[in-house]
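We count ligands from 1, going down the list as the structure has it; atoms in each ligand are counted the same way. We count residues from 1, following the sequence as given.
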Amino acid sequence: METKIAAISPESLAEAKRIIMDGGVVGMPTETVYGLGGNAFDDSAVKKIFEVKGRPNDNPLIAHVHKDYDLLKIVDYDPPYAKLLRDAFLPGPLTLVYPSTGKVSPYVSCGLDTLAVRIPSHAGAQAFLREVDIPIVAPSANLSKHVSPTSAQHVYDDFQGKIPLILDGGISEGGIESTVCDVTGEIPVILRPGLVTREMIADVVGACGEYTPDPNGKEKVKSPGVLYKHYSPRCETALCQSVEEAARLCEKQTGKRVAILAEDGVIAAWKIGGVKLLNLGKDEREMANRLYGLLREAEGICDLLIAVEPEKKDGVMVGVLNRLRKACTSVDIRH
Ligand code: AMP
Ligand code: MG
């Protein structure tokens, strides 16, 4: 199968719609990362998404709709605070998890009694969702466990020959996946951190919890995706807590091509030669925006990627660190 990358136009949107209505999947841009989209009502399209990604079949998908889509077609329970969150943050990088009404394919939620819904703000995503006018399930458009994609080229690199069309909407500005927030209880609870932070949600509705899976593994997991190894570049990776630790590890390497991934100030002051330097940026938004592109770049230029944890740990950095920690731990640096 030939895989085409097409700029967003009336023709490419019409082609994308034809593919979706025929049960196929297409790559689509969003403001967070690129998605692999399929018809949420179509069992075989949903199954195809799991197959083509190699995604574990207990990791549920998010349904994406355009901003004027009538949510009541797929959701019925809607606490007042969920409306406040929609008014404050949507369209945008926030996914809300509602009780399921069983309207979309049962394969979407993988047996959970909830449905995750998102309204992306990216103009190309909106145009595509409006064109099809149905909920589109769209997990990140990367092979399972690989680094999430922030450009059409990244999607092509993972799915060349496996999907017919990628809609090109430029580089994803947000750079990390949406915040996933459960709205089935008394207060909102964050299941996966992202660009809409716990503080931002609490400011709007007064309170916001944060989910941590039961360490004994006895309770049913609310969001299976948080457990998986994720976002990993195809090279060895190590995560250091300080520049000194990174420098020690770097000096121990012989015969390996090494790259350092760190925030702007650390890169500017780095002294050891013979390594590639990957600059995450100066602030939390820049670091979110650059993270996945740099992880993908690293796999082409080094055998070992040494990442240094940025100083800032709160706000959007909760989401950035969550991804960085899952991506960069293949080498145990204690030995
Ligand atoms: P991805 O589409 O690759 O960004 O992954 C989707 C994320 O949303 C995963 O972490 C899933 O576990 C989570 N998710 C999707 N649907 C639900 C749901 N119904 N309840 C809880 N988490 C969900
Ligand atoms: Mg993903």
Check: Which ligand 1 atoms, with their elements, are less than 4.0 angstrom from a heavy-atom of A116?
Finding: 15 (C), 16 (N), 17 (C), 19 (N)

Notebook entry, point to check: Heavy-atom distance to atom 2 (O) of ligand 1: which of G194, A141, P139 wins?
Noted result: P139

Check: Among N59, T32, L36, which residue places a heavy atom closest to atom 9 (C) of ligand 1?
Finding: N59

Next item on the list: Check each of P99, C181, S100, S140 against atom 3 (O) of ligand 1 and report the one with the nearest heavy atom.
Entry: S140

Item checked: For E177, the ligand 1 atoms whose distance to one of its heavy atoms is below 4.0 Å -> 4 (O)

Notebook entry, point to check: Same hydrophobic cluster for L294 and I301, using side-chain heavy-atom links shorter than 4.5 Å among ILVMFWY?
Noted result: yes

Notebook entry, point to check: What atoms in ligand 1 come closer than 4.0 Å to a heavy atom of T114?
Noted result: 18 (C), 19 (N), 20 (N)

Item checked: Residues E199 and T197: side-chain donor-acceptor under 3.5 angstrom -> yes

Item checked: Region of D182 engaging ligand 1 - heavy atom pairs below 4.0 Å -> neither

Notebook entry, point to check: Got Q253 and I272 here, is their nearest side-chain heavy-atom distance under 4.5 Å?
Noted result: no

Check: Is it the case that T32 and R118 place a side-chain donor and acceptor less than 3.5 Å from each other?
Finding: yes

Next item on the list: Would you kindly confirm whether V26 and F41 end up in one hydrophobic cluster when ILVMFWY residues are joined by side chain heavy atoms under 4.5 Å apart?
Entry: yes

Notebook entry, point to check: Does S109, backbone or side chain, put an N or O under 3.5 Å from an N or O of ligand 1?
Noted result: no

Note to self: Do M21 and I19 sit in one hydrophobic cluster, given that two such residues count as connected whenever their side-chain heavy atoms are within less than 4.5 Å of each other, even indirectly?
What the structure shows: yes

Margin query: For ligand 1 and R55, I'd like to know whether there is a polar contact (N/O to N/O, distance under 3.5 Å).
Written below: yes

Check: What atoms in ligand 1 come closer than 4.0 Å to a heavy atom of I62?
Finding: 6 (C), 8 (O), 15 (C)

Checklist line | Sole candidate of L321, V318, V320 that passes side chain to side chain contact (heavy atoms under 4.5 Å, CB included) when paired with K313 | finding: L321

Note to self: Any carboxylate oxygen within less than 4.0 angstrom of a Lys/Arg side-chain nitrogen, looking at E297 and K276?
What the structure shows: no

Item checked: V97 and ligand 1 - part of the residue with a heavy-atom distance under 4.0 Å -> side chain

Notebook entry, point to check: Relative to ligand 1, is L191 under 4.0 angstrom through side chain, backbone, both or neither, heavy atoms considered?
Noted result: side chain

Check: Taking atom 17 (C) of ligand 1 as the point of reference, which of P60, C110, S148 owns the nearest heavy atom?
Finding: P60

Check: Side chains of H66 and D133: do they bring a donor and an acceptor to under 3.5 Å?
Finding: yes

Check: Just distances here: any N/O of R192 and N/O of ligand 1 closer than 3.5 Å?
Finding: yes

Margin query: Is there a continuous path of hydrophobic side-chain contacts, each under 4.5 Å between heavy atoms, that joins I166 to I171?
Written below: no

Next item on the list: Look at S144 and state whether any of its N, O or S atoms is less than 2.8 Å from the Mg ion (ligand 2).
Entry: no

